[in-house]
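Because only heavy atoms are used, hydrogens play no part in the values below, and waters and symmetry mates are left out as well, while side chains stay in.
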Amino acid sequence: GTMAVREGQKRLGVANTTESSCSSAFVWSTSWGVVYKMVIANSNLYVVIDNIWYSLLSSLTKTRYVFDKYWDNSEKKDRLLFVNGTDDMFHWSGGYAVIDSTTSNSITKTGTTSWAEVGFSTTSGQKTVVINGTTYTYTGGETTTTLTSVTPDPTGEANGSTVLQSVFTNSNSPAANFLSDFIKVINNQVCVGSYTSRRI
């Protein structure tokens with residue numbers, strides 16, 4: 001006999017005016033305690049953080065993605081792997097931070113945790129970030145709050161801007177012409193399969 005609000009669904013963030021459906025999604029509970037919602041919609045790969053949709057990849061021609069996480073023992077963190085029916089495998093470290101300050105060749109994040117502690121890569125060849133659509137490389141500082149030897153000059157980026165680790169493509173992985181349609185990590189062993197190619 002009492003009045004109550006009926007439980008139901010609630011929209012995350014602002015409405016998407018394109019009214020594009022979500023073709024794939026995955027919820028990643030990272031090893032450093034952050035939960036990311038990964039969504040494929042409107043030909044973009046988004047990560048949803050605090051109800052804000054950040055684009056990690058755009059202009060996608062393949063929109064059926066399958067995700068799973070694995071433990072990177074060299075970096076001692078989870079990493080996200082995903083496939084989309086091509087002969088490439090994709091990898092995202094989950095790095096997300098906010099700019100506190102910049103110099104001509106460095107970026108300092110907000111907070112006291114290091115870049116590595118919030119998912120940024122310490123692996124050579126994977127040290128690139130994206131800020132407001134521009135890609136920057138760094139060579140050091142990821143175990144502190146300041147990335148060093150950053151190129152190009154990041155001083156044009158406003159304090160408070162979002163920094164995301166780039167998505168990396170492992171070409172022809174696990175093999176050239178093997179079209180990876182699904183992926184599953186079991187006991188930290190990565191298994192991929194194809195509906196059209198030979199099984200691995």
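Going from atom CG of Asn132 over to atom OG of Ser161 covers 4.0 Å, rounded to the nearest 0.5 Å. Once rounded to the nearest 0.5 Å, the distance linking CG of Asn159 with OG of Ser101 reads 6.0 Å. For the atom pair CE of Met38 and CG of Leu56, the computed distance is 5.0 Å after rounding to the nearest 0.5 Å. Here CG of Leu179 is found 7.5 Å from NZ of Lys62. Values are rounded to the nearest 0.5 Å. Atom CZ of residue Arg79 and atom OG of residue Ser74 lie 8.0 Å apart, to the nearest 0.5 angstrom. Atom NZ of Lys127 is separated from atom OG of Ser166 by 13.5 Å, given to the nearest 0.5 angstrom.
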When you look at Thr137 and Thr151, which way does the side-chain hydrogen bond (donor to acceptor under 3.5 Å, both in side chains) test go after all the steps? CA-CA 5 Å; Thr137 62; Thr151 57; 2.8 Å; yes
Chi angles and distances behind the side-chain hydrogen bond (donor to acceptor under 3.5 Å, both in side chains) call for Ser58, Ser55: CA-CA 7 Å; Ser58 60; Ser55 178; 5.1 Å; no
Let me see the working for Thr63 and Ser24 under side chain to side chain contact (heavy atoms under 4.5 Å, CB included), right down to the final yes or no. CA-CA 7 Å; Thr63 57; Ser24 302; over 6 Å; no
Between Ser114 and Glu142, does a side chain to side chain contact (heavy atoms under 4.5 Å, CB included) hold up when you go through it step by step? CA-CA 6 Å; Ser114 71; Glu142 60 272 17; over 6 Å; no
Start with the C-alpha gap between Thr108 and Thr102, add the side-chain angles, then the distance that decides, and say whether side chain to side chain contact (heavy atoms under 4.5 Å, CB included) holds. CA-CA 6 Å; Thr108 300; Thr102 59; over 6 Å; no
I'd like to know whether Gln126 forms a side-chain hydrogen bond (donor to acceptor under 3.5 Å, both in side chains) with Ser93, so could you lay out the CA-CA distance, the side-chain angles of the two residues, the decisive distance to 0.1 Å, and finally the verdict. CA-CA 9 Å; Gln126 298 181 3; Ser93 72; over 6 Å; no
Take Lys184 and Asp68, measure what side chain to side chain contact (heavy atoms under 4.5 Å, CB included) needs, and give me the verdict at the end. CA-CA 6 Å; Lys184 183 66 178 176; Asp68 209 350; 3.4 Å; yes
Going through the checks in order, is the salt bridge (Lys or Arg N to Asp or Glu O under 4.0 Å) test met by Asp78 and Lys69? CA-CA 6 Å; Asp78 279 349; Lys69 66 178 182 179; 3.7 Å; yes
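Taking each heavy atom of Thr146 and Ser106 in turn, the nearest pair found is CG2-CB, 3.8 Å. Ser194 and Phe182 get closest at one heavy-atom pair: N-CE2, 3.9 Å.
The residues Asp100 and Lys109 are annotated as not salt-bridged, no charged nitrogen and carboxylate oxygen being separated by less than 4.0 angstrom.
Cluster membership for Trp92 and Tyr54, using ILVMFWY side-chain heavy atoms within less than 4.5 angstrom, is shared. When hydrophobic clusters are built by joining Ile, Leu, Val, Met, Phe, Trp and Tyr residues whose side-chain heavy atoms come closer than 4.5 Å, directly or via intermediates, Leu80 is not grouped with Trp71. Hydrophobic clustering (side-chain heavy atoms under 4.5 Å, transitive across Ile, Leu, Val, Met, Phe, Trp, Tyr) keeps Val130 apart from Leu57.
Taking Asp50 as the reference, nothing meets the side-chain contact (heavy atoms from CB on, under 4.5 Å) condition, with sequence neighbours excluded. Applying the side-chain contact (heavy atoms from CB on, under 4.5 Å) test to Val190 and every residue at least two apart in sequence or in another chain returns Leu81, Met89, Ile183, Val185, Val192. Among residues two or more places apart in sequence or in another chain, the side-chain contact (heavy atoms from CB on, under 4.5 Å) test is passed with Thr143 by none.
Considering only heavy atoms from C-beta on, Arg64 stays 4.5 Å or farther from Ser23 through its side chain.
No hydrogens or angles considered: a donor-acceptor pair under 3.5 Å links the side chains of Glu75 and Thr123. Ser104 and Asp153 form no side-chain donor-acceptor contact under 3.5 Å, judged by distance and modelled atom types alone.
Relative orientation of the Phe82 and Tyr65 rings is tilted, given thresholds of 30° and 60° on the angle between their planes.
Only one option out of Tyr46, Tyr36, Phe67 pairs with Phe26 in a ring pair (Phe, Tyr, Trp, His ring centres under 6.0 Å); it is Phe67.
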Per-pair distances, 0.1 Å, donor-acceptor, side chain in residues 167-175, under 3.5 Å, sequence neighbours excluded:
none

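At distances below 3.5 Å, at least one donor-acceptor pair connects side-chain atoms of Thr30 with backbone N or O atoms of Val34. The closest donor-acceptor contact from the side chain of Asp88 to the backbone of Thr86 lies at 3.5 Å or more, if one exists at all.
Cluster note: Val35 groups with Val27 through ILVMFWY side-chain heavy atoms spaced under 4.5 Å, whether in direct contact or through intervening members. Val150 forms part of a hydrophobic cluster together with Ile99, Ile107, Trp115, Val118, Phe120, Val129, Ile131, Tyr136, Tyr138, Leu147, Val163, judged by ILVMFWY side-chain heavy-atom separations under 4.5 Å.
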